[in-house]
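One structure is given here, and the rest of the page talks about it.
Treat the numbers as computed from the prediction; the structure is a model and nothing was measured. In what follows, chains are A, B, ... by sequence order, proteins preceding strands, each numbered from 1.
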Number of protein chains: 2
Amino acid sequence: MRLNDLDERIVHALAEDARRSYADIGNLVGLSAPAVKRRVDRLRAEGAITGFTVRVDPAALGWRTEGFVEMYCRSNTSPDDIRRGLSRYPEVASASTVTGDADAVIQVFAADMRHFEQVLERIAGEPFVERTRSVLVLSPLLRRYSGGPPV
Amino acid sequence: MRLNDLDERIVHALAEDARRSYADIGNLVGLSAPAVKRRVDRLRAEGAITGFTVRVDPAALGWRTEGFVEMYCRSNTSPDDIRRGLSRYPEVASASTVTGDADAVIQVFAADMRHFEQVLERIAGEPFVERTRSVLVLSPLLRRYSGGPPV
DNA sequence: GTTGAAATTGGGGCACG
DNA sequence: CGTGCCCCAATTTCAAC
């Protein structure tokens, strides 16, 4: 799966505004609208583009507390155990296994501190979890690329 | 800025697929296409919806190394100093001031380990940075809501 | 104030060169 | 890949609740 310069500029244009018209993008990158659509279709088929979504203000939707939770798991826990266990929590936005002391770090959104604490307790009670360590977000300084890679 | 149930369902529909037509969304939530568009316009004007973007596969775009960096800053550093300093790095996807020992944690994307190390060294060389501690992502288990809050 | 229906504008999508 | 065409969706207008 190799993207050339044209593909990257198309993805960049879509990252700025996913509802931009193919003709608009075509003007930016120097292609006709159908040519852009064909490339976008190909990028989707290849899996480079996985979908289109909306960027929201967390607070406006009632998510006013955010934090990172480092998870220390039992020694025989597989990454897939963690993924399956956490996928039942809508408050968990992302989870990754990591290097270092902790086994995984997860990003948690909650309505308020009380909600955050409840989620934390439920997660800490999962059979594969030994202990957790959480840091709360004081202020989100930068939120670029909607949490993904630079595009 | 208050969202009612209809607004939330519209945002949810857009989160699943931002290119869905207003008529489609209208069928889901029980409104006509113009009614949906008016609400989306209002949500954008109010700032609840901040934009529309594309979901991409990091690896497909050449970002194969990801990590979190905890930053320990000089005592007289303001959050805005950190934000300004980090905004010059395209590799920094997000940054937040946090509770705990570290002053901020940032999410970094790099092409490979060598690139990650370079970025880390440059950031560590910033005048407001005292030291850093980074954890590398081994495998991304969950990437929901494109890095934002649950919608 | 918010809705739905009708009318207009403009973009998506396909065939073809 | 671009052009031309058709159709559907987006957008505006307007009347009604």
| field | Residue-phosphate contact under 4.0 Å: A:K37 side-chain N/O, C:dG13 OP1/OP2 | value | yes
| message | For a salt bridge (Lys or Arg N to Asp or Glu O under 4.0 Å) check, start with the C-alpha distance between A:D41 and A:R44, then their side-chain angles and the critical distance, and finish with the verdict. | response | CA-CA 5 Å; A:D41 287 344; A:R44 295 197 69 165; over 6 Å; no
| Taking the side chain of A:R38 as heavy atoms from C-beta outward, which of D:dA10, D:dT13, D:dC1 is closest to it? | D:dC1
| Between C:dG10 atom C1' and B:Y22 atom OH, what is the distance in whole Å? | 14 Å
| Between atom CG in B:L6 and atom C1' in C:dG1, what is the gap in whole Å? | 14 Å
| Can you check the B:I25 CD1 to C:dT3 P distance for me, whole Å? | 14 Å
| request: Applying salt bridge (Lys or Arg N to Asp or Glu O under 4.0 Å), run through B:D101 and B:R133 and close with a yes or a no. | output: CA-CA 11 Å; B:D101 294 341; B:R133 178 179 166 270; over 6 Å; no
| Quick one: A:R44 CZ to C:dG13 P, roughly how many Å, whole number? | 10 Å
| query | Which part of the nucleic acid, if any, lies within contact of B:S21, taking any heavy atom under 4.0 Å across all strands shown: a base, the sugar-phosphate backbone alone, or nothing? | reply | sugar-phosphate
| message | If we ignore hydrogens and angles and just use 3.5 Å, is the side chain of A:R64 paired with the main-chain N or O of A:A59 as donor and acceptor? | response | yes
| How long is the line joining CG of A:D17 and P of D:dA10, in whole Å? | 14 Å
| Whole Å only: how far is the CZ atom of B:F52 from the C1' atom of D:dA10? | 13 Å
| Interatomic distance, B:R42 CZ vs C:dG1 P [rounded to whole Å] | 13 Å
| In whole angstrom, what separates B:I10's CD1 from C:dT2's P? | 12 Å
| query | Closest to the A:L31 side chain: D:dG2, D:dC14, C:dG12? | reply | D:dG2
| request: Nearest 0.5 Å please: distance from the CZ atom of A:R84 over to the CD atom of A:E126. | output: 12.0 Å
| request: Kindly say whether B:A15 contributes a backbone atom to a donor-acceptor pair with the side chain of A:T53 at under 3.5 angstrom? | output: yes
| Taking for each residue the nucleotide of DNA chain C with the nearest heavy atom, is it B:R39 or A:R19 whose nucleotide lies nearer the 5' end? | B:R39
| Between D:dA10, D:dG2, C:dG12, which one does the side chain of A:A35 approach most closely? | D:dG2
